[in-house]
Amino acid sequence: MSKINAAITAVHGKVPEKVLSNFDLEKMVDTNDEWITTRTGIKERRYVDDKLTTSDIATIASERAIKAADIDKEKIDYIIFAHNFGDVEYGSNQYKMLQSLASKVKAKLNINNPSCVCYDLIFGCPGWVEGLIHSFAFMKSGIASKCLVIGSETLSRVVDNHDRDSMIFSDGAGATIIEKVNEKGGIINHKSSTFTLSLIHI
């Protein structure tokens with residue numbers, strides 16, 4: 001008897017062209033290349049073009065992933081988009097969470113199927129991993145056979161350029177196609193945790 005499982009069948013991304021080096025940061029904040037490199041290994045980071053937003057680069061990555069997987073986009077059951085700050089336009093400090101970025105990507109991909117369900121995950125750094133867990137659960141339960149899971153952020157729009165800790169943040173998007181398969185392997189196990197009692201209450 002075949003075993004229902006889930007597998008990643010395509011991975012693609014969008015890496016912005018604009019480069020901000022450690023030497024560029026030296027002109028903006030009290031830091032230097034040696035300080036950053038010895039602590040993080042980072043030599044440069046990528047920032048999006050002024051005209052693009054988080055959902056824009058997510059759409060580019062998604063188009064590439066769909067093409068690489070060679071699937072019919074109308075057959076995608078779920079679009080799960082992990083991010084934290086929504087769409088922030090260049091020069092603005094306002095973020096847009098509605099409509100959901102997943103819904104924006106669906107519209108930009110020109111997917112007509114109303115049964116392609118979209119939602120966002122605001123889950124911090126492991127958001128994409130949690131999206132993968134969701135898609136796996138959908139497939140194991142039999143309610144989905146193809147999912148598009150996205151992780152995307154444009155942190156250059158929300159960081160304080162005068163804080164040298166902002167050096168670790170940058171922009172980019174990754175998109176994966178998850179499909180139901182009848183074979184061994186796939187996601188073997190997972191564990192998610194949320195610790196709230198350790199938070200400082202104000």
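With Arg45 contributing its side chain and Phe169 its backbone, the two residues share no donor-acceptor pair below 3.5 Å. Not a single donor-acceptor pair under 3.5 Å links the side chain of Thr40 to the backbone N or O of Thr37. Panel note: side chain Asp171, backbone Leu155; a donor-acceptor pair is recorded below 3.5 Å. With hydrogens and angles disregarded, a donor-acceptor distance shorter than 3.5 Å links the side chain of Asp77 to the backbone of Ser145.
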Could you pull out every donor-acceptor pair under 3.5 Å between side chains of residues 10-19 and any protein atom, sequence neighbours left out?
residue	atom	partner	partner atom	Å
Lys14	NZ	Glu17	OE1	3.4
Lys14	NZ	Glu17	OE2	2.8

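Scanning all heavy atoms of the two residues, the minimum distance from Ile80 to Ser135 falls at CD1-N, 4.1 Å. The nearest pair of heavy atoms linking Tyr119 to His134 is OH-ND1, 2.7 Å. For the pair Thr9 and Glu179, the tightest heavy-atom approach, listed with the atom from each and the gap, is OG1-OE2, 2.7 Å. Ala69 and Ile177 make their closest contact through CB-CG1, 3.9 Å (heavy atoms, listed as atom of the first residue, atom of the second, distance). Closest approach of Tyr90 and Arg157 over heavy atoms only: N-NH1, 3.3 Å. Closest approach of Lys106 and Ile79 over heavy atoms only: CB-CD1, 3.8 Å.
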Starting from the C-alpha separation in whole Å, work towards a yes-or-no answer on side chain to side chain contact (heavy atoms under 4.5 Å, CB included) for Asp24 and Ser21. CA-CA 5 Å; Asp24 292 323; Ser21 71; 3.1 Å; yes
Show, in sequence, the C-alpha distance, side-chain angles and deciding distance for Asn84 and Val158, and conclude whether the side chain to side chain contact (heavy atoms under 4.5 Å, CB included) test is met. CA-CA 11 Å; Asn84 293 297; Val158 298; over 6 Å; no
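Counting heavy-atom neighbours within 6.0 Å of Glu89 CD, excluding the residue itself, gives a total of 12 or less. Counting heavy atoms of neighbouring residues, nucleotides and ligands inside a 6.0 Å radius, atom CD of Glu74 exceeds 12 of them. The number of heavy atoms from other shown groups lying within 6.0 Å of CG (Asp50) is above 12. No more than 12 heavy atoms of other residues, nucleotides or ligands shown are found within 6.0 angstrom of NZ on Lys67.
Comment: Lys104 does not engage Asp56 in a salt bridge, judged by the lack of any side-chain N to carboxylate O separation of less than 4.0 angstrom.
Residues Lys96 and Leu101 have side chains not in contact (no heavy-atom distance under 4.5 Å, counting atoms from C-beta outward). Taking the side chain as every heavy atom from C-beta outward, Lys73 and Asn110 approach each other to under 4.5 Å. Looking only at side-chain heavy atoms (C-beta outward), Asp120 and His83 come within less than 4.5 Å of each other.
In this view, Phe138 and Tyr78 satisfy the ring-ring contact (aromatic ring centres under 6.0 Å, His included) rule, not counting sequence neighbours.
For the residue pair Thr154/Thr54, the side-chain donor-acceptor check at 3.5 Å is satisfied.
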